[in-house]
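The structure appears below as structure tokens.
Start at 1 and go down the list; that is how both ligands and their atoms are numbered. Here the structure is a predicted model, which is why all the values come from computation and not from measurement.
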Amino acid sequence: MYPFLLALHSLTRWLVLISLIISLIVAYRGWLLKKVFTKSVNVLRIITATISHIQLTFGLWLYFISPIVHYFLANFKTAVHEREIRFFGMEHVTIMLTAITVISIGSAKAKRKTTGQEKFKTMAIWFTIGLLLILTSIPWSFSPLVNRPSFRAF
Ligand code: HEM
């Protein structure tokens, strides 16, 4: 189960990123060019928030079965000084939970706004913050500190 979930969590990262980037392009264009907030934009908002929630579910599940996290929790005092262990045991989870909370709040706020302009603006601002947080906490394959493959075989 662990290798499968790890590969799934790794793959879903791309869906999270793609959906956020598309949403942001649509939101900024809509806000700056004063476009109409159509039903399909609303569906895009919902899909983007849902994909991030799916990734949250995979991440939480992974947190409970990951040997790295087990080691972190069982040996907190020493493990907190080990870069990679601390990253997955603490930093990644905290920042990603914050990012997904920001995306959820932004999506809910956009839903409640009354004009299309306000909806686009709310989506643009909150999703940008969420995306930036996510970008800082992905263990990119090119990261010098903690890195993981861009794609992992199932
Ligand atoms: C948008 C949100 C998230 C993204 C884009 C993301 C992305 C990633 C990526 C790319 C990896 C490396 C996978 C690999 O080794 O191939 C990873 C590992 C991991 N993620 Fe996330 N993650 C997110 C949210 C979360 C959340 C919310 C949790 C926990 C609550 C979590 C827990 C973990 C754990 C425990 C690992 C490493 C497990 C291990 O190597 O044993 N992730 N994540």
### Arg152 atom CZ, neighbour heavy-atom count above 12 within 6.0 Å
yes
### Message
Suppose we screen for side-chain hydrogen bond (donor to acceptor under 3.5 Å, both in side chains). Which residues come up paired with Ser66, at least two apart in sequence or across chains?
### Response
none
### Query
Listed by chain and number, what are the side-chain hydrogen bond (donor to acceptor under 3.5 Å, both in side chains) partners of Ser10, not counting sequence neighbours?
Arg13
### Task
Please determine which of Leu20, Ile21, Val43 meets the side-chain contact (heavy atoms from CB on, under 4.5 Å) test together with Thr48.
Leu20
Check ligand 1 against the protein and report each N/O to N/O distance under 3.5 Å, formatted as atom name, atom name, distance.
| from | atom 1 | to | atom 2 | distance (Å) |
| --- | --- | --- | --- | --- |
| ligand 1 | 15 (O) | Arg148 | NH1 | 2.6 |
| ligand 1 | 15 (O) | Arg152 | NE | 3.4 |
| ligand 1 | 15 (O) | Arg152 | NH2 | 2.7 |
| ligand 1 | 16 (O) | Arg152 | NE | 2.6 |
| ligand 1 | 16 (O) | Arg152 | NH2 | 3.3 |
| ligand 1 | 20 (N) | His9 | NE2 | 2.9 |
| ligand 1 | 20 (N) | His92 | NE2 | 2.9 |
| ligand 1 | 22 (N) | His9 | NE2 | 2.7 |
| ligand 1 | 22 (N) | His92 | NE2 | 2.8 |
| ligand 1 | 40 (O) | Tyr2 | OH | 3.3 |
| ligand 1 | 40 (O) | Arg148 | NH1 | 2.9 |
| ligand 1 | 40 (O) | Arg148 | NH2 | 3.1 |
| ligand 1 | 41 (O) | Tyr2 | OH | 2.4 |
| ligand 1 | 41 (O) | Ser66 | OG | 2.5 |
| ligand 1 | 42 (N) | His9 | NE2 | 2.9 |
| ligand 1 | 42 (N) | His92 | NE2 | 2.9 |
| ligand 1 | 43 (N) | His9 | NE2 | 2.8 |
| ligand 1 | 43 (N) | His92 | NE2 | 2.8 |

### Query
In terms of the angle between their ring planes, are His92 and Phe87 parallel, tilted or perpendicular, with boundaries placed at 30° and 60°?
tilted
N/O donor to acceptor pairs below 3.5 angstrom from side-chain atoms of residues 132-140, sequence neighbours left out:
| from | atom 1 | to | atom 2 | distance (Å) |
| --- | --- | --- | --- | --- |
| Thr136 | OG1 | Leu133 | O | 2.6 |
| Trp140 | NE1 | Leu135 | O | 3.0 |

